[in-house]
Amino acid sequence: MKLRLLTASTFTAGLAAVFGCGGGSSYTAPSTANTPTITIVGQNGTQAFTPNPAMFGGQQVVFKNNTSTTHRVVLNDGSVDTGNIAPGASSPAVTMPGSGGNYHCSIHPGMIGSTSAASGAPPPSCEGPYCTPY
Ligand SMILES: [Cu+2]
């Protein structure tokens with residue numbers, strides 16, 4: 001297990017080196033390496049996302065899909081949409097509202113989660129159609 005992790009990170013470093021030698025190009029691809037991750041673990045209501053609630057108000061986060069089904073995370077007010085996240089893939093980095101918020105999977109609306117406010121205050125109470133877990 002440790003060897004496999006080492007190999008993967010060596011491979012990633014090698015890739016970065018290859019892309020880093022872009023013949024003088026100054027473009028640097030956005031890195032999500034240090035972005036907090038919310039992991040999608042199943043289609044089970046408030047247990048679908050971990051951590052949940054997450055203390056990521058006002059921050060960029062990445063959703064990582066650890067299930068075998070495509071998911072799409074949408075903030076209940078529509079202000080954030082990850083697009084489809086294939087099994088095993090991660091979403092682009094999206095910015096959670098500073099006041100905290102509630103989100104769901106638009107494909108499986110019973111998958112629900114929330115982020116706290118940037119101040120650490122709990123998420124706003126969930127209102128509307130995407131508040132009922134299954
Ligand atoms: Cu889903």
Side-chain angles (χ1 to χ4, degrees):
M1 194 59 171
K2 190 155 195 172
L3 251 184
R4 177 177 287 189
L5 281 174
L6 185 62
T7 303
S9 84
T10 304
F11 177 70
T12 304
L15 269 183
V18 167
F19 285 111
C21 298
S25 165
S26 61
Y27 176 74
T28 304
S31 171
T32 56
N34 297 314
T35 307
T37 300
I38 297 174
T39 305
I40 305 170
V41 295
Q43 295 177 43
N44 43 353
T46 57
Q47 309 299 308
F49 301 93
T50 184
N52 179 41
M55 306 258 289
F56 297 146
Q59 292 185 55
Q60 286 202 318
V61 303
V62 164
F63 286 87
K64 168 112 175 53
N65 183 357
N66 275 6
T67 77
S68 56
T69 306
T70 296
H71 300 286
R72 180 173 183 167
V73 180
V74 178
L75 215 68
N76 288 10
D77 68 6
S79 62
V80 170
D81 183 346
T82 62
N84 285 353
I85 311 168
S90 292
S91 75
V94 294
T95 303
M96 287 298 164
S99 55
N102 295 281
Y103 59 84
H104 63 279
C105 175
S106 65
I107 301 169
H108 315 100
M111 296 170 59
I112 59 177
S114 57
T115 56
S116 67
S119 66
S125 58
C126 191
E127 293 175 1
Y130 305 113
C131 301
T132 307
Y134 57 50

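Keep in mind the model is a prediction, meaning the values are calculated, not measured.
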Walk me through it: do Gln43 and Met111 pass the test side-chain contact (heavy atoms from CB on, under 4.5 Å)? CA-CA 6 Å; Gln43 295 177 43; Met111 296 170 59; 3.8 Å; yes
State, to 0.1 Å, how close Phe49 and Ile38 come at their nearest heavy-atom pair, and which atoms those are. CB-CG2, 3.9 Å
For the residue pair Pro87 and Thr70, what are the closest heavy atoms and their distance? CD-OG1, 3.6 Å
Flag, side chain of Ser91 to backbone of Ile85, donor-acceptor distance under 3.5 Å: no
Gln60 CD to Thr35 OG1 distance, which is reported to the nearest 0.5 Å: 6.0 Å
Would you say Asn52's side chain and Thr46's backbone share a donor-acceptor pair under 3.5 angstrom? yes
Just do the side-chain contact (heavy atoms from CB on, under 4.5 Å) check on Val94 and Val61 with the steps written out, would you? CA-CA 5 Å; Val94 294; Val61 303; 4.0 Å; yes
Heavy-atom nearest pair, Ala54 first then Pro51, reads CB-O, 3.6 Å
Is the backbone of Val41 close enough, under 3.5 Å, to the side chain of Thr39 for a donor and an acceptor to pair up by distance? no
Considering all heavy atoms of both residues, which atom of Ser116 and which atom of Phe56 are nearest to each other, and what is their separation? OG-N, 4.0 Å
Ser114 and side chain to side chain contact (heavy atoms under 4.5 Å, CB included): which partner among Ser125, Pro53, Cys131? Pro53
Please confirm whether the backbone N or O of Pro124 pairs with a side-chain atom of Asn102, one donor and one acceptor, at under 3.5 Å? yes
Positive for side chain to side chain contact (heavy atoms under 4.5 Å, CB included) with Ile107, one of Val73, Asn84, Thr69: Asn84
So how far is it from His71 NE2 to Ile40 CD1, rounded to the nearest 0.5 Å? 5.5 Å
Those residues at least two apart in sequence (or on a different chain) that pass side-chain contact (heavy atoms from CB on, under 4.5 Å) with Val74 are Arg72, Asp81, His104, Ser106
